[in-house]
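We count ligands from 1, going down the list as the structure has it; atoms in each ligand are counted the same way.
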Amino acid sequence: MADLLQEDIKYLKGVGPKRAELLKNELNIFTCRDLLYIFPYKYIDRTKMFKISEINSSLAYIQLTGKITLFRFEGPPRKKRLVAEFSDGTGTIELLWFQGHKWVQNSYTINTEYAIFGKPSIFNGKFNVVHPEIEKAGDQDSEFNASLQPQYSTTEKLKNNYITSKTIHKLIGTLLSIIGQQIQETLPEYLLKSHKLSDLKTAIFAVHFPRDNQQLKKAIYRLKFEELFFIQLGILKQKTNRQQYFKGFVFSKVGDYLNNFYKKHLQFELTNAQKRVIKEIRRDLGSGKQMNRLLQGDVGSGKTLVALMAVLIALDNGFQACMMAPTEILANQHLQTVTSFLSELNVNVDLLTGSTKKAEREKIFETLKSGELHFLIGTHALLEDPVIFNNLGLVIIDEQHRFGVAQRARLWKKNDNPPHVLVMTATPIPRTLAMTLYGDLDVSVIDELPPGRKPVQTIHYYDTKRLVMFGFLKKQIEQGRQVFVVYPLIKESEKMDYKDLEDGYEGISRAFPPPRYAVSCVHGKMKTTEKDIAMQYFINGQSQIMVATTVIEVGVDIPNASVMVIESAERFGLSQLHQLRGRVGRGADQSYCILMTSHKLTTEARKRIDTMVRTNDGFEIAEVDLKLRGPGDIEGTQQSGIPFDLKIANLGQDGQLLMYVRNIAEKILENDPDLKLPDNFLLLNHLKKSVKSPVDWSVIS
Ligand code: ADP
Ligand code: MG
C-alpha cells in the first residue's frame with residue numbers, strides 16, 4: 001500500500017493528466033498521499049436549507065431548493081456572463097457564471113428541482129450566487145451532505161476548471177475507498193494508548209468524512225499531534241546525533257582575561273539575568289559538548305556584555321573568537337564597545353567588513369592565521385573563504401534573525417572541529433516558533449533590563465498632529481536630548497520611499513533650521529564612509545535629529561537619544577516597530593516613541609499600533625505578531641524560512657500541544673537515542689521518510 005500512496009495522482013480514477021497538472025501546480029498535490037493529507041480548513045452544515053426570502057448579506061453560505069426558470073446572457077460579447085433566474089416560491093435570485101457557459105447549459109434544465117449551494121453576494125442591487133454548486137434535489141442526502149461538510153482550499157484557476165472543494169472531497173472519497181483499509185499506523189501502540197489517540201486510519205477517515213463533532217475533534221487532535229511530534233522528534237534527534245558526533249572544545253579554566261575584566265574593568269553590577277545566562281554558557285563551554293545556544297533578550301538587556309565575557313573565556317583557554325553582525329554600523333559599534341571595555345587587557349581585536357581596505361584585509365588574514373589576532377568582529381565578510389583562523393573556539397552571531405541557517409553552518413566550517421556557537425537575538429520569538437525554528441539550540445533568556453531604565457512611553461499621533469509633534473521635539477531638544485525620525489523602506493516601493501525620506505528630511509530641516517539645530521540623515525544608498533560620518537556626527541551630539549531609514553534598526557546604542565519618531569508607522573511590522581523603539585530608552589532619561597500614521601488604518605494596522613502603545617514586553621508583542629500574521633510572515637523567519645510546511649497544526653494556536661509533544665519526544669530520545677528499540681521502530685521508519693531539514697547538521701564537520 002505504501003506504493004499505492006506514492007502513485008502519481010494522475011492515475012487516480014477521476015483525475016487524469018489534465019487535472020493532475022492543475023492539482024500539482026495549484027495545490028502541490030503530486031501523489032495520492034499528498035491528496036490524503038490535504039485537510040479541510042472548515043466544515044459547513046449542509047443540512048440547513050434557506051428560503052430565498054430569508055437571504056441577507058450577513059450569510060456566508062446559503063443552500064436553497066428551487067427551479068431555474070430561464071437562462072440569458074448579459075454584458076458585452078467578449079465578457080458576457082450567463083445568468084439563470086432561480087425561484088423557490090418565496091422569491092427569485094440570480095445565478096451567475098463567467099466561464100463554462102456551454103457546460104452549464106448542457107448540464108442543467110429549466111423547471112427541474114435543484115439544490116444550490118454558494119455564497120450570496122449583491123450585484124446591481126440584487127442578491128445572486130456566483131458559480132454555485134448545483135445538484136438534483138433529493139441527491140443531497142448522500143454522504144457528501146453530512147451535517148459537517150468539509151471545505152477544502154481551492155484556487156480561482158481550479159474552480160474555473162471545475163475542481164471545487166467538493167471535487168476534491170469526492171477524489172479523497174474515491175482514494176479512501178481504494179486504499180483506506182490499508183492505511184498504516186505511524187505511531188507506536190504505547191503512544192496511542194498513553195495519550196488516548198485515535199489510530200491513523202480512523203483519524204484520516206474522520207477528518208474527511210466526520211460523523212459528528214466529537215469524532216472530528218479527536219481526529220484533528222491526533223493528526224496535529226502526529227505532525228508536531230515528528231517535527232520535534234526530527235529536530236531533537238539531530239541535536240542528539242550532533243552531540244554524539246562532535247566533541248566540543250573544553251574551556252576548562254577562567255583565567256586572567258575574564259578575571260581582570262570582571263574585577264577591574266566592569267563598571268557596573270551584572271543583572272541577575274546576565275549572571276544566570278553567563279553561568280549557563282560557562283557550563284556549556286566546560287562540558288565537552290559543543291555549545292549551540294540561542295540568547296534571547298530584549299533590546300538593551302545587555303547581551304553584548306554577556307557575549308564579550310564568553311569571548312574572554314575562549315581567550316583564557318587559548319582560543320580565538322569572532323563576532324558577526326548584520327550591518328557595518330553595528331559591527332563598528334561592537335568594535336567600539338569592545339575596545340572600550342578591553343582597552344587595558346591586551347586583547348588583539350580587529351574589524352573586517354565589506355569596506356575594509358585591501359592592505360588592512362591582508363594583515364587581518366595573516367594575523368588571524370598566525371593566531372596573533374585574538375578576536376575578529378565583522379559582517380558577512382567573515383564568511384568569506386580567505387578568512388582562516390588559527391584555532392577558532394567560539395562564534396558569536398548577533399541579531400541571528402538577520403542570518404540564515406546556511407550562514408550559521410558556514411561559520412561552523414571555519415574549524416575542523418566546530419567551534420562553540422552563541423547566537424543572539426533581540427527579536428523575541430514566541431516560544432512555539434523558537435522550538436520549531438531553533439529547536440536544535442539550547443535557549444537562554446535575559447528577561448531583565450539593567451536597573452534605572454525607565455520604560456519607553458509610546459504615543460500615537462495622526463499625521464494632522466505633525467505640528468504638535470514638532471513642538472514636543474523642540475522641548476526635548478531644549479533639554480539636551482536627541483531624536484530619531486525613521487521612515488519605512490520597503491523594497492517594492494523603494495523609489496517612493498526615498499522620496500518620502502527626502503521630503504521628510506526637507507520638512508524637518510525647515511522646521512528645525514540652523515544655527516540652532518542640525519539634522520543628520522542616514523540611508524542605505526549612502527556610501528559607508530558618508531554614513532559613518534553622519535552617524536558619528538549624531539553620536540558626538542553635533543546634530544540633534546537623525547533622519548533615517550531602517551538602517552538604524554538593529555543594535556545601535558546612543559544613550560542620549562530619547563525620542564524615536566516612526567513615520568508611516570502603519571507600514572511597519574510589529575517586531576520591527578518594537579526593534580526601533582528599542583533604540584531609545586537606553587539612558588536614564590524618560591524616553592518616548594511617537595508613532596505617526598495616516599487616518600486610514602486597516603484593522604490589523606490598528607491592532608499593531610494599539611499593541612505598541614499598550615505594552616513594552618517584547619515576548620507579548622511577538623505573540624500578538626504570530627497571531628496576526630501567522631508564522632510564515634514573522635520577522636526573523638523570513639530570512640531563515642520555516643523549514644516545515646504545517647498541514648494541520650498552527651503554531652499560533654497549538655502552542656500547548658507543541659510543548660507537550662516536544663516533551664514526549666525528549667523523553668523517548670533520552671531512553672533510546674538511536675530509536676533502536678523495537679517499540680520505536682515505527683518512529684524511526686516514519687522519521688526517515690518524512691522529515692526533511694534544510695541543513696543536515698550531522699554531516700557538517
Ligand atoms: P543588547 O545588545 O542586549 O541590546 P547592549 O549589550 O547593547 O544591549 O547593552 C545596552 C547598554 O546597557 C550598553 O550601553 C551596556 O553597556 C549597558 N549595560 C549592559 N549591562 C548592564 C548592566 N548590568 N548594568 C548597567 N548597564 C548595562
Ligand atoms: Mg545588541
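E530 CD: more than 12 foreign heavy atoms inside a 6.0 Å radius. More than 12 heavy atoms of other residues, nucleotides or ligands lie within 6.0 Å of CZ in R614, so this atom counts as buried by the packing criterion.
Side-chain polar atoms of H265 and N260 form no donor-acceptor pair below 3.5 angstrom. Side chains of N292 and Q290: a donor-acceptor N/O pair is present below 3.5 angstrom, by distance only.
When T304, T271, L270 are ranked by how near their heavy atoms come to atom 5 (P) of ligand 1, first place goes to T304. Of the candidates S301, P450, G297, P450 brings a heavy atom nearest to atom 25 (C) of ligand 1. Selection from E448, K303, H334, R583 by nearest heavy atom to atom 1 (P) of ligand 1 gives K303.
Taking the charged nitrogens against the carboxylate oxygens, R466 and E567 do have a contact shorter than 4.0 Å, which makes a salt bridge. Using a 4.0 Å cut-off between a side-chain N of Lys or Arg and a carboxylate O of Asp or Glu, E384 and R361 qualify as a salt bridge.
Contacts between Q274 and ligand 1 below 4.0 angstrom, taking non-hydrogen atoms only, involve the side chain exclusively. Of all the heavy atoms of R453, the ones lying under 4.0 Å from any atom of ligand 1 belong exclusively to the side chain. Proximity of D298 to ligand 1, defined as any heavy-atom pair under 4.0 Å, is confined to the backbone N, CA, C and O atoms.
Closest approach of N348 and L373 over heavy atoms only: O-CD1, 3.3 Å.
Between E269 and ligand 1 there is a heavy-atom distance shorter than 4.0 Å. Distances shorter than 4.0 angstrom do not occur between any heavy atom of Q296 and any atom of ligand 1.
Ligand 1 has a nitrogen or oxygen under 3.5 angstrom from a nitrogen or oxygen of G302.
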